[in-house]
Amino acid sequence: MAPQSLQRCPWLGIEDPIYAQYHDTEWGVPLIDSRALFEKIVLESFQSGLSWLTILRKRENFRHAFDGFKPDRMARFEQRDITRLMDNAGIVRNRAKIEAAIENAKAYLEISKTQSFASFIWSMVETCPLQNTRVHVSDAPSQTEASKNLSRRLKATGFRFVGPTTAYAFMQSSGLVNDHIVSCHRYQPCQALQMAMRVPRR
């Protein structure tokens, strides 16, 4: 784990080791694996109205409950699976979000018929991560034109619970945009990773 003395983005708020590790190892690192991107966007949809730390603390429970976020398995979930998930205290028990996750798996499979989910997602930024130079965390918007476009495109394929704000949080966390403040110790490492990344076509 990174030392506590390191300069981090102020949005972390509390000094929680799970949150700090997520910030230091995941947030802003470009994801190019389709299944990992799918997992992240489903978790972001569950986060709506809650704190991301709540989701992080339940992430392993989510992975187990949703069969490792494998879209082909999730797309076959039936009513009994929804009942099972609603009885699972280890996840966020919101029926609308659970049903949306299943529909999102079906939409993922439809996209995959013509291109990888990774190439679909990264085409939103023309496979070139957006590099911001924010000094204050308050400078970051809750949504952008790019996130509005991503939201529209996802909804057009059948995705649900993916509004522009959720889409932008997903873009930030998945490295489509570098929104670490410039004084953060992760700004330059994430910038280097983003500039070197290559998105697979399939």
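The residues Arg76 and Asp67 are annotated as not salt-bridged, no charged nitrogen and carboxylate oxygen being separated by less than 4.0 angstrom.
Residues His64 and Asn88 have side chains not in contact (no heavy-atom distance under 4.5 Å, counting atoms from C-beta outward). Between Asn132 and Val177, the closest side-chain pair of non-hydrogen atoms falls below 4.5 Å.
Checked against a 6.0 Å centroid threshold, the rings of His23 and His180 count as neighbours. For Tyr19 and Trp27, the ring centers sit 6.0 Å or farther from each other.
Here the closest heavy-atom approach between residue Ile181 and residue Cys9 is recorded as N-SG, 3.6 Å. Scanning both residues, Arg8 and Cys184, for their nearest heavy atoms gives CA-SG, 3.9 Å. Across Ala105 and Pro71, no two heavy atoms sit closer than the pair CB-O, 3.6 Å. Counting all heavy atoms, side chain and backbone alike, Met86 lies closest to Arg93 at O-CD, 2.7 Å. Looking at every heavy atom in both residues, Asn178 comes nearest to Gln194 through CB-OE1, 3.2 Å. Across every non-hydrogen atom of Lys97 and Ser48, the tightest pair is NZ-O, 2.6 Å.
Within the structure, the salt bridge (Lys or Arg N to Asp or Glu O under 4.0 Å) test picks out the following pairs touching residues 171-189 (sequence neighbours left out): Arg134-Asp179. Counting only residues at least two apart or in different chains, salt bridge (Lys or Arg N to Asp or Glu O under 4.0 Å) contacts with residues 158-178 are absent. Applying the salt bridge (Lys or Arg N to Asp or Glu O under 4.0 Å) definition to pairs two or more places apart or across chains, those involving residues 77-88 are Glu78-Arg80, Asp81-Arg84. Sorted by first and then second residue, the ring pair (Phe, Tyr, Trp, His ring centres under 6.0 Å) pairs involving residues 127-179 (not counting sequence neighbours) are Phe117-Phe159. Counting only residues at least two apart or in different chains, ring pair (Phe, Tyr, Trp, His ring centres under 6.0 Å) contacts with residues 71-94 are absent.
Atom NE2 of His185 is separated from atom CD of Gln7 by 9.0 Å, given to the nearest 0.5 angstrom. Interatomic distance, Lys70 NZ to Glu39 CD, rounded to the nearest 0.5 Å: 10.0 Å. Interatomic distance, Phe120 CZ to Leu154 CG, rounded to the nearest 0.5 Å: 5.0 Å. Between the CZ atom of Arg59 and the CG atom of Leu43 there is a distance of 7.0 Å, given to the nearest 0.5 Å. Rounding to the nearest 0.5 angstrom, the gap separating the OG1 atom in Thr157 from the NZ atom in Lys106 is 13.5 Å. Put simply, CD1 on Ile98 and CZ on Phe66 are 5.5 Å apart, with the number rounded to the nearest 0.5 Å.
With Thr114 contributing its side chain and Ile111 its backbone, the two residues share a donor-acceptor pair below 3.5 Å.
In terms of hydrophobic clustering, with Ile, Leu, Val, Met, Phe, Trp and Tyr side chains grouped at heavy-atom distances under 4.5 Å, Tyr187 and Leu31 are assigned to different clusters. By the criterion of side-chain heavy atoms lying less than 4.5 angstrom apart, applied directly or through intervening Ile, Leu, Val, Met, Phe, Trp or Tyr residues, Val29 is not grouped with Ile55; the two fall into different hydrophobic clusters. Transitive grouping of hydrophobic side chains (ILVMFWY, heavy atoms separated by less than 4.5 Å) keeps Leu193 and Ile121 in distinct clusters. Grouping the Ile, Leu, Val, Met, Phe, Trp and Tyr side chains by contacts below 4.5 angstrom, directly or via other members, places Met195 apart from Val182.
Applying the salt bridge (Lys or Arg N to Asp or Glu O under 4.0 Å) test to Arg73 and every residue at least two apart in sequence or in another chain returns nothing. Residues satisfying the salt bridge (Lys or Arg N to Asp or Glu O under 4.0 Å) test with Glu145, not counting sequence neighbours, are Lys148. In this view, Phe62 and Phe46 satisfy the ring-ring contact (aromatic ring centres under 6.0 Å, His included) rule, not counting sequence neighbours. For Met197, the side chain to side chain contact (heavy atoms under 4.5 Å, CB included) criterion is met by Pro30, Ile32, Trp122, Pro129, Val199, not counting sequence neighbours. Qualifying side chain to side chain contact (heavy atoms under 4.5 Å, CB included) partners for Glu110, counting only residues two or more places apart in sequence or in other chains: Lys113. Remark: Gln188 pairs with no residue by the side chain to side chain contact (heavy atoms under 4.5 Å, CB included) rule, at least two apart or across chains. For Ala167, the side chain to side chain contact (heavy atoms under 4.5 Å, CB included) partners at least two apart in sequence or on another chain are Ser147, Leu150, Ser151.
Sparse packing is recorded around CD of Glu126, with 12 or fewer heavy atoms of other residues, nucleotides or ligands lying under 6.0 Å away.
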task = Start with the C-alpha distance between Asn104 and Ile41, add both sets of side-chain angles, then the distance that settles side chain to side chain contact (heavy atoms under 4.5 Å, CB included), and finish with yes or no.
result = CA-CA 9 Å; Asn104 291 350; Ile41 203 163; 5.8 Å; no

